[in-house]
Trainee: 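Below: one structure in structure tokens.
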Amino acid sequence: MLDIRAIRSQPEWFRRGMERRKADAALVDALLLADKRWREALAEVERLKSQRNKASEAIAAKKRQGLDASAEIAEMRRVSETIKQLDEQVREREAEVQRLLLEVPNIPHDSVPDGDSEADNVPVRHVGDKPVFPFEPKPHWELAEALDIVDFERAVKITGSRFVLYKGLGARLERALANFMLDFHVSNHGYTEMFPAFIANEESLVGTGNLPKFGEDMFKLEGLPYYLIPTAEVPLTNYYRDEILSARQLPVKLAGYSACFRSEAGSAGKDTRGLIRLHQFQKVELVKLVAPETSYDELERLVQDCARILDALELPYRVIEICTGDLGFKETKKYDLEVWMPAQGVYREISSCANFEDFQARRAGLRFRREEGARPEYVHTLNGSGLAIGRTVAAILENGQQADGSVRIPKALVPYMGTDVIRREVK
RNA sequence: GGAGUGAUGGCCGAGUAGGUCGAAGGCGCUCGCCUGCUAAGCGAGUAUACGCCGUUAAGGCGUAUCGACGGUUCGAAUCCGUCUCACUCCGCCA
């Protein structure tokens, strides 16, 4: 959510921001109009309330002295009636401002490259050497099925399409990756491990920006104001919702493992095979709450924290900077980490790291005080996937595959896996 | 799921025959004084949001907030209704 007062004082800057990110600059004007209407009604009703408060005092004083106050009371009866009507109007107009505010996207940071779409994203660096195979590399779903470590077909029977079931060393690999990633971020990067509920309420989803606009992307619990979380970002970012932190608590760095549920509405036909696009996947998510002036440095560090996992897993990847036109609703700046998938010969997004500045903080009431007695300020929030586990499994399978269909396990994972290779179990 | 109790400021805790209560008191915290350290003591201060005025300042004015919402009333922390949450006991369960 943007700052309505900032919009009032420099509308032109916000219009330009909307244009940069290919959003409708008229949103700004709609907002300004609604805001003006609200403030007009508010000023009027507050004036009347002030009058009423003074009159009430006078009435009380008269009564204490045993004097008759029925004339004043009759007068105030009328004023109160007007106040009641105006209050209703103020409520409606304020709700309108709020409604608009909740649907207006964030403004890109100055440093973000201009662009219209995905095609204009800018590669920042490539890391690691792509593996060279003396054979035709297989896609991960073929490897996995041959190794009998993932069962797509039966998962469909049990639940439905776009669900999966891990089995044997596949299940172990999922678990190993979760443990490895959490351990890594906790001990090397100073994050606090969190294990949240996988269901969140509407307030939390409004806080992170998933509601009111993107309800369709989530699974809602029938008849309840609850949703399956699309990412641990939701519970982690909302952890301190409506609280005021002290400056010394910052930066807050949280690492949470969770299942993530996405309805993938509108993605029919995309990535229908394998572990890339599912209704449920697991992920270790990193969330930071930081002092505003540090948030862009913290973003760079966040990208590094996530990239270290790929380094440790010996997976080749690239870092790309997302252009203004491809930026998400709530982001001011974003980097994606894309892992190399040899069978398809493409880089696939495996992590997304973004700064939201005070966009979420404003929605979720995340504030801090610089010092005792200072006015509360909004923190900046950031998050990044560190990493998406399903896609990591896919990358390990494809990059680690060997001529006989077995898969080499990265050294860092061996202690967690208890083996350095996955091969077909012979029964 | 059944029965009961309760929700006041950073914390504890007053305040129910409605009026001067944003709210006594204590603790904590901040600043100052004092004390040859520490402790104690003394004084002052110590919520948030929004609107208006003001140089997007200092500051001033106003409105709202005593779990939430709604009602009664000229006026509600105080009365009425609904809801939410917490705690206790019973049942059930991992």
Side-chain angles (χ1 to χ4, degrees), chain A residues 1-14 17 28 31-102 107 195 197-207 221 223-226 238-249 292-293 358 361-379:
Chain A
M1 183 161 70
L2 300 175
D3 180 0
I4 185 65
R5 278 177 296 196
I7 297 175
R8 265 178 225 154
S9 62
Q10 34 192 330
E12 214 30 65
W13 188 85
F14 284 92
V28 172
L31 207 42
L32 286 171
L33 178 63
D35 176 56
K36 182 159 172 276
R37 282 165 49 80
W38 167 61
R39 283 185 297 154
E40 280 167 0
L42 183 65
E44 176 63 9
V45 77
E46 288 195 346
R47 191 183 63 75
L48 289 176
K49 283 182 178 176
S50 175
Q51 184 189 338
R52 181 179 68 185
N53 287 344
K54 287 199 181 75
S56 283
E57 251 178 74
I59 290 168
K62 271 201 161 184
K63 287 207 158 183
R64 249 180 281 118
Q65 295 167 39
L67 300 173
D68 175 63
S70 48
E72 288 86 342
I73 289 176
E75 163 79 16
M76 282 307 109
R77 202 187 308 253
R78 282 195 299 277
V79 172
S80 277
E81 193 46 45
T82 309
I83 287 175
K84 202 173 194 175
Q85 289 165 11
L86 272 175
D87 257 340
E88 182 54 33
Q89 192 175 57
V90 170
R91 254 197 303 277
E92 283 167 10
R93 293 182 178 191
E94 184 175 18
E96 175 64 6
V97 173
Q98 203 62 17
R99 188 186 69 74
L100 289 169
L101 226 34
L102 286 174
I107 303 290
F195 187 72
F198 296 175
I199 293 175
N201 61 31
E202 289 176 338
E203 291 74 32
S204 295
L205 289 154
V206 168
L221 269 59
L224 295 170
Y226 295 156
N238 279 281
Y239 182 63
Y240 288 114
R241 174 151 52 86
D242 294 325
E243 295 189 33
I244 301 173
L245 304 171
S246 68
R248 55 176 301 274
Q249 287 177 270
E293 64 278 11
D358 63 8
R362 207 172 277 286
R363 291 171 164 248
L366 295 166
R367 295 180 296 172
F368 80 108
R369 270 186 233 278
R370 286 188 188 276
E371 52 198 69
E372 195 77 30
R375 226 180 62 255
E377 294 173 54
Y378 288 108
V379 300

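The analysis underlying the following values was restricted to heavy atoms, covering all of them including side chains, and did not include hydrogens, waters or symmetry mates. A note on names: the letters A, B, ... follow the listed sequences, proteins ahead of strands, and every chain is numbered from 1.
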Trainee: In the strands shown, is B:G59 matched to any nucleotide by a Watson-Crick or G-U wobble pair with both distances under 3.5 Å, and which?
Mentor: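 Check on B:G59: paired to B:C53, both distances under 3.5 Å.
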
Trainee: Where do A:V79 and A:L48 come nearest, in terms of heavy atoms and distance?
Mentor: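 The pair with the smallest heavy-atom distance is CG1-O, 4.2 Å.
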
Trainee: Could you please spell out the steps behind the side-chain contact (heavy atoms from CB on, under 4.5 Å) verdict for A:L102 and A:M1?
Mentor: CA-CA 6 Å; A:L102 286 174; A:M1 183 161 70; 4.1 Å; yes

Trainee: Return the pairing partner of B:A94 with a 3.5 Å limit on both distances, Watson-Crick or G-U wobble; otherwise return none.
Mentor: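 Across all strands, not a single nucleotide pairs with B:A94.
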
Trainee: Is there a Watson-Crick or G-U wobble partner for B:C42 with both distances under 3.5 Å, and if so, which one is it?
Mentor: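 Pairing partner: B:G32.
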
Trainee: Can you check whether A:R8 has a side-chain N or O nearer than 4.0 Å to OP1 or OP2 of B:C50?
Mentor: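 No, outside the criterion.
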
Trainee: Please give the nucleotide sitting opposite B:G22 as a Watson-Crick or G-U wobble pair, both distances under 3.5 Å, or none.
Mentor: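 Check on B:G22: unpaired, no WC or wobble geometry under 3.5 Å.
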
Trainee: When the P atoms of B:G22 and B:A64 are considered, how many whole Å apart are they?
Mentor: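 The answer is 10 Å between these two P atoms.
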
Trainee: Name the nucleic acid region contacted by A:R375, choosing base, sugar-phosphate or nothing; use a 4.0 angstrom heavy-atom cut-off, strictly under.
Mentor: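 Contact class for A:R375: none.
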
Trainee: Using the P atom in both, what is the distance from B:G13 to B:G26, to the nearest Å?
Mentor: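 Each nucleotide's P atom is 16 Å from the other's.
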
Trainee: Does a nitrogen or oxygen in the side chain of A:R369 sit under 4.0 Å from OP1 or OP2 of B:U48?
Mentor: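 Yes, A:R369 has a side-chain N/O under 4.0 Å of OP1/OP2 on B:U48.
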
Trainee: Within this structure, what is the CZ-to-P distance between A:R363 and B:A49, rounded to whole angstrom?
Mentor: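 It is 19 Å, rounded to the nearest whole Å.
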
Trainee: What is the distance, to the nearest angstrom, from the CD atom on A:E94 to the C1' atom on B:A49?
Mentor: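 Checked: the CD to C1' distance equals 10 Å.
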
Trainee: Does A:E75 form a salt bridge (Lys or Arg N to Asp or Glu O under 4.0 Å) with A:K54? I'd like the steps, not just the answer.
Mentor: CA-CA 13 Å; A:E75 163 79 16; A:K54 287 199 181 75; over 6 Å; no

Trainee: Counting only side-chain nitrogens and oxygens, does A:R64 get under 4.0 Å of the OP1 or OP2 atom of B:U20?
Mentor: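 For A:R64, the contact criterion (side-chain N or O under 4.0 Å from OP1 or OP2 of B:U20) is not met.
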
Trainee: What integer distance in Å separates A:N201:CG from B:C85:C1'?
Mentor: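 After rounding, the gap between these two atoms is 13 Å.
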
Trainee: Quantified in whole Å, what is the P atom distance between nucleotide B:G70 and nucleotide B:A77?
Mentor: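 About 15 Å, rounded to a whole number of Å.
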
Trainee: Pick the P atom in B:U38 and in B:U78, then give their distance to the nearest Å.
Mentor: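 Comparing P positions in B:U38 and B:U78 gives a spacing of 47 Å.
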
Trainee: Write down the protein N/O and nucleotide N/O pairs, taken from nucleotides 72-75 of chain B, whose separation is under 3.5 Å; answer none if there are no such pairs.
Mentor:
residue	atom	partner	partner atom	Å
B:U72	OP2	A:K84	NZ	3.3
B:C74	OP1	A:R77	NH1	2.7
B:C74	OP1	A:R77	NH2	3.3
B:C74	O4'	A:I73	O	3.3
B:C74	O3'	A:S80	OG	3.1
B:G75	OP1	A:S80	OG	3.0
B:G75	O4'	A:S56	OG	3.4

Trainee: Go through the side-chain N and O atoms of A:N53 and A:S56 and say whether any donor and acceptor fall under 3.5 Å apart.
Mentor: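 Side-chain D/A pair, A:N53 to A:S56: absent.
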
Trainee: Any strand is fair game: report the nucleotide pairing with B:A68 by Watson-Crick or G-U wobble, both distances under 3.5 Å, or none.
Mentor: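 B:U82 is the nucleotide pairing with B:A68.
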
Trainee: Could you check how far CD of A:Q249 sits from C1' of B:G10, rounded to whole Å?
Mentor: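 Taking atom C1' of B:G10 as the reference, CD of A:Q249 is at 13 Å.
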
Trainee: What is the base-pairing partner of B:G4, counting Watson-Crick and G-U wobble geometry with both distances under 3.5 Å?
Mentor: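 With both distances under 3.5 Å, B:G4 matches B:C87.
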
Trainee: Which value, in whole Å, describes the distance between the C1' atoms of nucleotides B:C29 and B:C11?
Mentor: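 Each nucleotide's C1' atom is 11 Å from the other's.
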
Trainee: May I ask which nucleotide in the shown strands pairs with B:C27, Watson-Crick or G-U wobble, both distances under 3.5 Å?
Mentor: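 Here B:C27 is engaged in a pair, and the nucleotide opposite it is B:G10.
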
Trainee: Taking the P atom of each, how far is B:U20 from B:C83, in whole Å?
Mentor: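 Approximately 31 Å lies between the P atom of B:U20 and that of B:C83.
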
Trainee: Please list, pair by pair, any protein nitrogen or oxygen found under 3.5 Å from a nitrogen or oxygen in nucleotides 55-62 of chain B.
Mentor:
residue	atom	partner	partner atom	Å
B:G62	O3'	A:S50	OG	3.2
B:G62	N2	A:E46	OE1	3.1
B:G62	N2	A:E46	OE2	3.3

